[in-house]
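See below for the structure under consideration.
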Amino acid sequence: MLVIAAMFASRGRVLLDNPGVILLIIGPGAAFFVVIFIVTLGVSRMANLTYPQTALMVFTTPVRNSEVSPAVAVTAFTSPLIALTVVIGPAIELPVLIVMLNILKQLRTRWDATGS
């Protein structure tokens, strides 16, 4: 948390001065997590994993690959403010993980009903 706070503190003015860049980065960053979530759920179902195994895989996969998210954003939208992707990355990751948790909790009843 200290590193994230330091990143925001060091680039706070740049972030506030360039809200358009933030919006350009949020889209591909969030899309990365959504795609990873859907693919991981699909692979879990195909592999016949139990709900606990699926939950572990669903959260391990995007977090282990979250460093890719800023690279996706930078590749999708070139900008002189590329350093902002490193600052914005955690701000995207945490809310998306909370949404993923809520979706996964709702899927648990369906998962349990199928006997997996």
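For this chain, numbers begin at 1 and follow the sequence in order. Below, each value reflects all heavy atoms present in this structure, side chains not excepted, and no hydrogens, waters or symmetry copies.
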Set out, in order, the CA-CA distance, both residues' side-chain angles and the distance that settles side-chain contact (heavy atoms from CB on, under 4.5 Å) for V96 and F32, then state yes or no.
CA-CA 10 Å; V96 170; F32 167 81; over 6 Å; no
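The distance from atom OG1 of T54 to atom CZ of R108, rounded to the nearest 0.5 Å, is 10.5 Å. Taking CG of L49 as the start and CG of L41 as the end, the distance is 10.5 Å to the nearest 0.5 Å. For the atom pair M100 CE and L107 CG, the distance stands at 11.5 Å (nearest 0.5 Å). Note that CD1 of I103 is 12.5 Å distant from CD1 of I98, once rounded to the nearest 0.5 Å.
A side-chain donor-acceptor contact under 3.5 Å links Y51 to the backbone of L104.
Contact between L97 and F59 at its shortest, heavy atoms only, is O-CE2, 3.6 Å.
A search for side-chain contact (heavy atoms from CB on, under 4.5 Å) contacts involving V35 returns V39, not counting sequence neighbours. Applying the side-chain contact (heavy atoms from CB on, under 4.5 Å) test to L56 and every residue at least two apart in sequence or in another chain returns T60. Under the rule for a side-chain contact (heavy atoms from CB on, under 4.5 Å), the partners of I38 that lie at least two apart in sequence or sit in another chain are V34.
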